[in-house]
Amino acid sequence: DRRYLMVETSRGCPPGCDFCVVPLTHGRKFRSRTARQVVDEIQDGYERYGVQYYYLWADTVTMNRNFMMEFCQELYQRSLPVFWLGNARIDTLNNGEIITELKKSGCWMLSVGIEMADDEIRGSISKGFSKDEIQRAIKKLREAGIISFCFFILGYLNEDIATMQSTIDFALE
């Protein structure tokens, strides 16, 4: 129930998951704005329109760790009372430092593509992270107070009833 603005941070996604349209629309080559440009746009939205909520529009906002760290520090240093959300990959959330910086800068939710519980099937679609890595990242997000919004696929190639049930159970867990 709050106004928000979308701010594009980057285009392109190198992993190129075979079910995703991003390589067709934005390509695989990752192109990013600078952290300063993005925070300037957020600051303008806040000062000009009073908007406090932002959707960082990117195929994967956390793809470039250096950008994310610079963005978080720039936003934090400006002391803007804003909150943001975006799309992330589990394998970009592999340490507590980045998650701490995300939270400190106003991140309140990240959406992540888990896709399925089966590591082998997930690995075949450019999602080379394990179920254990997923659980650790989601736990770290929860501990930091960042909501995780997870995407799952049912009925993908090589799946059967058992693997789909495993994905449902994993999602509920």
Side-chain angles (χ1 to χ4, degrees), residues 1-10 13-15 17 20 22 30 32 35-36 38-39 42-43 45-46 51-123 125-154 163-173:
D1 294 337
R2 308 251 173 113
R3 295 183 308 158
Y4 73 95
L5 289 175
M6 294 173 68
V7 177
E8 187 171 46
T9 63
S10 63
C13 189
C17 302
C20 186
V22 167
F30 185 77
S32 178
R36 179 177 287 279
V38 174
V39 176
I42 289 171
Q43 185 168 358
Y46 175 72
V51 175
Q52 289 186 281
Y53 292 87
Y54 294 84
Y55 177 22
L56 299 187
W57 180 253
D59 303 311
T60 304
V61 75
T62 59
M63 183 63 71
N64 180 326
R65 187 177 189 285
N66 291 335
F67 166 83
M68 247 4 285
M69 293 299 281
E70 289 173 20
F71 168 80
C72 290
Q73 291 165 5
E74 183 79 25
L75 195 55
Y76 180 75
Q77 287 172 356
R78 295 192 198 187
S79 299
L80 294 170
V82 297
F83 306 93
W84 61 272
L85 65 105
N87 298 324
R89 277 181 60 102
I90 288 293
D91 51 0
T92 64
L93 304 172
N94 55 9
N95 69 52
E97 179 190 15
I98 187 73
I99 292 173
T100 299
E101 291 298 313
L102 296 173
K103 180 63 177 178
K104 192 166 87 171
S105 71
C107 178
W108 67 275
M109 183 172 78
L110 290 175
S111 60
V112 291
I114 306 299
E115 316 320 350
M116 64 269 310
D118 187 281
D119 285 344
E120 189 174 318
I121 297 172
R122 186 180 337 90
I125 59 170
S126 297
K127 299 283 183 158
F129 41 82
S130 70
K131 192 173 176 182
D132 289 339
E133 290 171 296
I134 294 166
Q135 290 169 319
R136 281 193 303 273
I138 298 297
K139 182 180 179 194
K140 287 177 187 174
L141 290 172
R142 286 182 179 158
E143 288 170 351
I146 298 173
I147 296 169
S148 55
F149 183 94
C150 303
F151 295 100
F152 295 91
I153 297 172
L154 289 178
T163 59
M164 288 187 281
Q165 185 60 53
S166 177
T167 294
I168 291 168
D169 296 341
F170 187 47
L172 293 172
E173 179 187 324

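- Nearest approach of Lys131 to Arg122, heavy atoms of both residues: N-NH1, 3.9 Å.
- Within the 3.5 Å criterion, the main-chain N or O of Ala137 finds no donor-acceptor partner in the side chain of Asn94.
- Counting heavy atoms from C-beta on, the side chains of Leu75 and Trp84 come closer than 4.5 Å.
- Between the side chain of Thr167 and the backbone N or O of Ala117 there is at least one donor-acceptor pair closer than 3.5 Å.
- For the side chain to side chain donor-acceptor pair (under 3.5 Å) criterion with Arg65, the lone passing option out of Glu70, Glu101, Glu97 is Glu97.
- Going from atom CG of Leu5 over to atom CG of Leu56 covers 11.0 Å, rounded to the nearest 0.5 Å.
- To the nearest 0.5 Å, the span separating CD1 on Ile168 from CZ on Phe152 amounts to 10.5 Å.
- Interatomic distance, CD1 of Ile114 versus CZ of Phe151, reported as 10.5 Å (0.5 Å rounding).
- Note: Phe71 and Phe67 have parallel aromatic rings, judged against thresholds of 30 and 60 degrees for the angle between ring planes.
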Go through the steps for Gln135 and Phe170 under the test side-chain contact (heavy atoms from CB on, under 4.5 Å), then give the verdict. CA-CA 10 Å; Gln135 290 169 319; Phe170 187 47; 3.7 Å; yes
Step by step, would you call Ile147 with Leu85 a side-chain contact (heavy atoms from CB on, under 4.5 Å)? CA-CA 9 Å; Ile147 296 169; Leu85 65 105; over 6 Å; no
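- Between atom OG of residue Ser166 and atom CD of residue Glu173 there is a gap of 9.5 Å, rounded to the nearest 0.5 Å.
- Minimum interatomic distance between Ile90 and Glu133 (heavy atoms only, all atoms of both residues): CG2-O, 3.9 Å.
- For the pair Tyr46 and Gln52, the minimum side-chain heavy-atom distance is below 4.5 Å.
- In terms of heavy atoms, Leu141 sits closest to Ser148 at CD1-CB, 4.0 Å.
- In plain terms, the two heavy atoms of Leu154 and Met164 that are nearest each other are CD2-O, 3.6 Å.
- Exactly one residue among Ile134, Asp119, Leu93 makes a side-chain contact (heavy atoms from CB on, under 4.5 Å) with Phe129. That residue is Ile134.
- Residues Met63 and Thr92 come closest through the heavy atom pair CA-CG2, 4.3 Å.
- Contact check for Ile99 versus Lys103: no side-chain heavy atoms found under the 4.5 Å cut-off.
- Nearest approach of Ser32 to Ser10, heavy atoms of both residues: CA-CB, 3.9 Å.
- Leu102 CG to Met109 CE: the interatomic distance, rounded to the nearest 0.5 Å, is 13.5 Å.
- Within a 6.0 Å radius of CZ in Arg78, more than 12 heavy atoms belonging to other residues, nucleotides or ligands are found.
- A side-chain donor-acceptor contact under 3.5 Å links Tyr54 to the backbone of Ile42.
- Expressed to the nearest 0.5 Å, how far CD of Gln73 lies from CE of Met68 amounts to 10.5 Å.
- For the residue pair Ser111 and Asn87, a side-chain donor N or O sits within less than 3.5 Å of a side-chain acceptor on the partner.
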